[in-house]
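For the numbers below, each heavy atom of this structure counts, side chains included, while hydrogens, waters and symmetry mates do not. We name chains A, B, ... by the order of the sequence lines, and we start the count at 1 in each one.
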Protein chains: 2
Amino acid sequence: MNKLNLTKQRKVILDLLQHSDDHPTASEIIERLRDQGHHFAYGTVYNSLKYLTEMELIRELKLGETASRYDARTDDHHHIVCKRCGKVDEVLTEVPAEWLKAVEQETAYRVDHAHVVLEGVCPACRIPQA
Amino acid sequence: MNKLNLTKQRKVILDLLQHSDDHPTASEIIERLRDQGHHFAYGTVYNSLKYLTEMELIRELKLGETASRYDARTDDHHHIVCKRCGKVDEVLTEVPAEWLKAVEQETAYRVDHAHVVLEGVCPACRIPQA
DNA sequence: TTATAATTTATACTTAATCTAAATACAAGG
DNA sequence: CCTTGTATTTAGATTAAGTATAAATTATAA
Ligand SMILES: [Mn+2]
Ligand SMILES: [Mn+2]
Ligand SMILES: [Zn+2]
Ligand SMILES: [Zn+2]
């Protein structure tokens with residue numbers, strides 16, 4: 001409920017994410033900041049990512065890799081990972097509500113949220129190689 | 001394709017998992033082994049879990065927590081995590097095949113596998129407190 | 001038995017992420 | 001403009017999960 005405090009560092013990091021077309025990890029973000037001439041402290045990048053996530057300006061993705069990825073897309077959606085090249089793409093097709101109902105029936109949980117991580121092979125990796 | 005080599009350590013760990021009704025992490029497994037009087041090296045537990053996973057006798061679960069969990073249930077299924085108490089329960093209801101088809105259409109990926117991690121509140125945590 | 005390969009063990013190391021304490025920036029109030 | 005309190009950044013230390021290494025042990029096979 002607090003008012004947003006976008007420091008220079010937080011703004012730069014948010015901007016970087018909003019102009020990325022992928023889902024970078026913290027260390028990829030640090031690399032890109034370096035490339036842009038910024039030298040924020042390691043901890044600042046983590047703090048900023050946490051702050052932006054709490055403010056719901058970005059989302060933290062845990063896709064089962066060692067490091068979290070970050071996403072400026074904040075609407076509910078899923079992700080698919082290419083098992084060959086590691087590319088992470090968006091999945092906007094929504095999980096059917098009846099399925100969630102069925103899960104509530106089965107488990108007796110109240111279901112708040114579902115995140116699907118799909119694994120597959122991306123179009124580029126499927127092209128036959130010479 | 002190699003024949004199974006279940007050493008004493010691997011057997012004990014597999015047995016422990018098969019008799020667990022939850023989804024313990026590696027360090028929880030190490031604790032329980034201690035309680036049973038076993039003192040396997042730290043690395044042996046990790047190696048055994050990796051071996052058993054590769055042999056498909058158990059499955060490694062990455063539910064977005066800091067540590068992997070392990071599951072002796074090897075048929076395809078999903079998981080729901082209670083946001084209050086952290087309990088992890090099984091979800092056997094299968095994701096509709098049409099949904100997977102729709103994702104293939106949307107992304108142009110070939111989809112091999114989908115793992116859903118649901119978040120909700122378990123029945124016990126929903127009981128009104130005094 | 002002796003040689004060979006696989007596994008376990010103890011320990012060192014890596015990586016992602018958090019914590020800490022000092023330095024810096026920022027927002028009011030006077 | 002100056003002073004004071006609060007929030008943030010910084011650099012570096014620390015934690016936690018997991019991996020790597022090399023010596024010791026165990027199992028397999030000639
Ligand atoms: Mn996304
Ligand atoms: Mn399970
Ligand atoms: Zn690919
Ligand atoms: Zn609960």
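Under the rule for a side chain to side chain donor-acceptor pair (under 3.5 Å), the partners of A:Asp75 that lie at least two apart in sequence or sit in another chain are A:Arg73. In this structure, A:His113 has no ring-ring contact (aromatic ring centres under 6.0 Å, His included) partners at least two apart in sequence or on a different chain. For the side-chain contact (heavy atoms from CB on, under 4.5 Å) test, residues two or more places apart in sequence or in another chain that qualify with A:Pro96 are A:Glu98, A:Trp99, B:Pro96, B:Trp99. A:Tyr46 meets the ring-ring contact (aromatic ring centres under 6.0 Å, His included) test with A:Tyr42; sequence neighbours excluded. Listed by chain and residue number, A:Glu60 satisfy the side chain to side chain donor-acceptor pair (under 3.5 Å) test with A:Ser68 (two or more places apart in sequence, or in another chain). Residues satisfying the side chain to side chain donor-acceptor pair (under 3.5 Å) test with A:Lys83, not counting sequence neighbours, are B:Asp112. Listed by chain and number, the residues in a side chain to side chain donor-acceptor pair (under 3.5 Å) with A:Glu119 amount to none (sequence neighbours excluded).
Looking at which nucleotide of DNA chain D each of B:Arg69 and A:Ala41 is closest to, the 5′-most match is held by A:Ala41.
Contacts between chain B and DNA chain D, taken as any atom within less than 4.0 angstrom of a protein heavy atom, begin and end at D:dA17 to D:dT19.
Applying the ring pair (Phe, Tyr, Trp, His ring centres under 6.0 Å) test to every pair with at least one member in residues 16-39 of chain A, sequence neighbours left out, gives these pairs: A:His23-A:His79, A:His38-A:Phe40.
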When the side chains of residues 48-58 of chain B are checked against the rest of the protein, which donor-acceptor pairs come out under 3.5 Å, sequence neighbours left out?
{"from": "B:Ser48", "atom 1": "OG", "to": "B:Thr44", "atom 2": "O", "distance (Å)": "2.7"}
{"from": "B:Tyr51", "atom 1": "OH", "to": "B:Asn5", "atom 2": "N", "distance (Å)": "2.8"}
{"from": "B:Thr53", "atom 1": "OG1", "to": "B:Leu49", "atom 2": "O", "distance (Å)": "2.6"}

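For the pair A:Leu4 CG and C:dA27 P, the computed distance is 13 Å after rounding to whole Å. The separation between B:Phe40 atom CZ and C:dT11 atom P is 18 Å, rounded to whole Å. Nucleotide C:dA25 holds its P atom 11 Å from the NZ atom of A:Lys8, rounded to whole Å.
Residues of residues 80-89 of chain A that place a heavy atom closer than 4.0 Å to DNA chain D do not occur.
A donor-acceptor contact shorter than 3.5 Å links the side chain of B:Glu28 to the backbone of B:Thr25.
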Look for any protein N or O under 3.5 Å of an N or O in nucleotides 15-22 of chain C and output each such pair with its distance, or none.
{"from": "C:dA17", "atom 1": "OP1", "to": "A:Ser68", "atom 2": "N", "distance (Å)": "3.0"}
{"from": "C:dA17", "atom 1": "OP1", "to": "A:Ser68", "atom 2": "OG", "distance (Å)": "3.4"}
{"from": "C:dA17", "atom 1": "OP2", "to": "A:Tyr46", "atom 2": "OH", "distance (Å)": "2.9"}

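Residue-level contact check: B:Thr44 touches the bases, meaning some heavy atom is under 4.0 Å from a base atom.
Scanning all heavy atoms of the two residues, the minimum distance from B:Cys125 to B:Arg84 falls at O-NH1, 3.0 Å.
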